[in-house]
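Worksheet: the structure to be examined is printed underneath.
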Number of protein chains: 2
Amino acid sequence: MKKSIENKSVKMRDVADHVGVSVATVSRALRNPEVVSEALRTKIAAAIESLGYLPDPAARALASTRSDVIGVILPSVTNNVFSAVMDGIYSAAEGTRYSVQLGYSRYAPLSEENLIRLFLRQRPTGLIVTGIDQTDAAKALLQEADCPVVQIMETGPAPHDRMIGFSHYQAARAATAHLIAQGYSQPGFLGARMDPRTQRRLQGFRDELRAHGIDEGRRVHSTTYPSSVTLGGHLLAQLMDAAPETDAIFCINDDLALGAMFEAQRRNLRIPQDLGICGFNDMEMMGAAEPSLTSVRTFRREMGAGAVQLILDALSDGARSDGNIVDLGFEIMPRHSTRRNS
Amino acid sequence: MKKSIENKSVKMRDVADHVGVSVATVSRALRNPEVVSEALRTKIAAAIESLGYLPDPAARALASTRSDVIGVILPSVTNNVFSAVMDGIYSAAEGTRYSVQLGYSRYAPLSEENLIRLFLRQRPTGLIVTGIDQTDAAKALLQEADCPVVQIMETGPAPHDRMIGFSHYQAARAATAHLIAQGYSQPGFLGARMDPRTQRRLQGFRDELRAHGIDEGRRVHSTTYPSSVTLGGHLLAQLMDAAPETDAIFCINDDLALGAMFEAQRRNLRIPQDLGICGFNDMEMMGAAEPSLTSVRTFRREMGAGAVQLILDALSDGARSDGNIVDLGFEIMPRHSTRRNS
DNA sequence: AGAGTTAATGTAAGCGGTTACATTCGTCAA
DNA sequence: TTGACGAATGTAACCGCTTACATTAACTCT
């Protein structure tokens with residue numbers, strides 16, 4: 001594999017000259033191999049290899065009015081939940097000609113709107129956005145976008161185009177139902193960074209309580225602060241002070257659950273006898289904790305990979321088969337922290 | 001703020017016509033405002049606003065032979081350590097005209113080399129790469145790169161250009177010294193995903209033991225598997241079975257430390273009396289855990305933000321002030337898990 | 001007043017690909 | 001033999017900006 005030393009800036013022109021054809025033929029060999037004769041195709045491939053030619057994405061994008069990037073807009077960099085999604089996205093994009101461009105909205109709808117505008121300007125191959133709570137302007141932009149758009153993390157009515165996720169409402173109801181089934185009669189709720197998505201989880205919690213005729217009392221504690229393990233401890237402390245009758249908690253995510261567990265230990269509350277704990281997302285540590293912690297497993301990596309696949313499908317289908325919703329569901333992972341009934 | 005409905009594809013041409021100037025003037029108003037008259041500048045700004053014009057990055061990159069992207073190559077998507085770095089990078093890039101392009105090498109040097117090649121093809125404004133263990137080919141590419149290159153996460157000799165990080169070796173020595181100072185005489189080592197960077201931490205651990213005349217015995221346990229909380233538990237189990245005299249552990253990262261803590265609890269080992277635990281990175285949960293866990297704090301967000309700043313500096317400096325190394329240091333955060341001496 | 005500056009703007013040639021259209025050439029049916 | 005046709009390749013315009021160079025107008029200076 002002798003690569004040219006001088007591959008500083010090999011252009012298509014150089015490859016063409018090397019083979020003795022026009023640049024158009026080289027371009028075709030790359031984009032529509034089937035229209036180029038077998039003989040030339042192999043010669044061109046060899047020249048590309050030996051010269052170490054790599055196409056200039058900017059020139060490509062400009063000429064073809066379409067860039068080979070898949071735009072992804074997520075609310076947070078640091079949140080583990082989204083790193084798993086990213087992992088799925090990058091894995092699925094690997095090996096394709098598409099590259100991923102990431103943007104972070106920091107949970108700010110307006111910032112998300114601007115990112116959408118910015119990304120659309122690049123005429124991306126596809127766009128992946130998080131959730132269903134865009135601003136009206138953003139919705140309009142997505143509606144008019146001339147590329148596949150996939151909404152991830154949630155399912156819901158009227159997707160812009162395609163959608164892959166699960167129902168946060170149903171997941172929360174199921175988790176709450178699990179607590180009740182385990183014999184807990186006074187479940188509480190711990191939430192942080194209450195955005196529309198987590199609000200739907202709260203709604204699921206409430207509706208499930210109501211379905212069992214349980215009053216929520218003063219057992220719902222949440223804050224708009226970003227979630228953390230420390231915060232989980234604080235929230236549990238608040239909750240127990242305000243509502244000592246609480247015998248179980250459903251936490252909006254696993255960090256809060258872990259923090260609550262530590263706080264429970266500090267307070268000498270026995271888990272699961274005195275306090276049942278259920279988290280959300282089922283991150284790896286949940287099974288490893290002592291005691292192991294019940295959580296709602298969600299398929300984050302699959303969501304990311306699936307979103308990319310949906311875009312690739314849309315590209316080949318051509319036909320915009322609207323209303324394409326993929327529900328990945330969720331799974332309650334019962335562990336020691338809620339095992340009161342066995 | 002009445003945005004045009006038809007901002008589908010407003011180009012510079014449209015802005016120019018709207019104001020009654022040539023596109024060159026509009027372009028200059030955007031890139032070198034100081035050479036355009038005050039009057040035109042404001043008119044142009046107004047037109048841009050009212051038409052909702054956004055420049056086409058591909059065209060810009062092609063014409064200027066320089067794209068406004070900062071390339072970043074990290075080994076892992078999911079590792080928390082790097083999400084903090086990314087957070088710093090994105091924050092620092094926000095508000096500038098530069099956008100971030102991320103690539104993941106999955107800890108594979110060859111994959112990193114390809115990414116470098118790919119990124120360089122875009123003639124980026126700057127490049128951020130992780131660590132100092134590139135392949136020879138990759139090193140050559142970086143050396144010839146015609147943009148600032150910043151190596152992050154580590155300090156060391158002979159940076160390609162600039163460098164921001166800390167000494168993993170020194171940090172590990174300091175952590176080990178802390179354990180010894182707390183009266184632990186048989187410290188062990190838990191490692192996972194042993195790459196060159198973590199190898200240097202192991203070296204620090206060993207040298208510090210030697211400096212105190214302590215034999216490492218059979219107390220160094222590590223694996224090439226990716227790190228996880230679960231794995232931390234397994235490793236501690238292995239370690240205690242192989243070397244029951246162990247009275248403290250230095251873990252390559254906080255996940256392992258947390259897992260080890262849970263395993264210690266399962267084994268009824270008292271922390272910190274029977275077993276001292278020290279992690280690495282000081283993630284948020286360390287202080288919130290029960291018992292709270294000692295760790296080595298590293299400045300990851302600052303590393304990311306600092307790297308971007310170094311690039312911006314290099315751009316304005318012009319002069320390649322070689323050998324520019326920023327050592328952010330580290331800090332031992334003593335907590336309950338190693339508090340035997342007080 | 002005339003020449004020389006300087007500041008502000010316009011003109012037009014690219015940047016490196018893509019692609020519609022033109023051209024060439026061999027094949028085949030009439 | 002000849003024209004039609006299809007496959008393979010070439011020609012050249014164009015994608016939306018940037019920028020070197022040319023041009024013009026307004027001053028400054030002797």
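Owing to the predicted nature of the structure, the values given are computational and were not obtained by experimental measurement. Throughout, protein chains are lettered first and strands after them, A, B, ... in sequence-line order, and every chain is numbered starting at 1.
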According to a strict under-4.0 Å criterion, is [X] in side-chain N/O contact with OP1 or OP2 of [N]?
| X | N | result |
| --- | --- | --- |
| R66(B) | dT19(D) | no |
| T25(A) | dG10(D) | yes |
| Y53(A) | dG16(C) | no |
| T65(A) | dT18(C) | no |

Side chain of N32(A), backbone of V35(A): donor and acceptor closer than 3.5 Å? no
Could you pick out which residue, N32(A) or S22(B), lies toward the 5' side of DNA chain C when each is mapped onto its nearest nucleotide? S22(B)
DNA chain C: 5'-proximal contact among A63(B) and V23(B) (nearest heavy atom): V23(B)
Among [options], the nucleotide that comes nearest once only the side chain of [X] is considered:
| X | options | result |
| --- | --- | --- |
| V36(A) | dG16(D), dT19(D), dT9(D) | dT9(D) |
| S27(B) | dG16(C), dT9(D), dT18(D) | dT18(D) |
| A24(B) | dT11(C), dT18(D), dG17(C) | dT11(C) |

pair V308(B)-I128(B): side-chain heavy atoms closer than 4.5 Å: yes
Does the side chain of R66(A) come within less than 4.5 Å of R60(A)'s, by heavy atoms? no
Quick check: any donor-acceptor pair below 3.5 Å linking the side-chain of R31(A) to the base of dG17(C)? no
Under the 3.5 Å rule, do the base of dG10(C) and the side chain of R28(B) count as making a donor-acceptor pair? yes
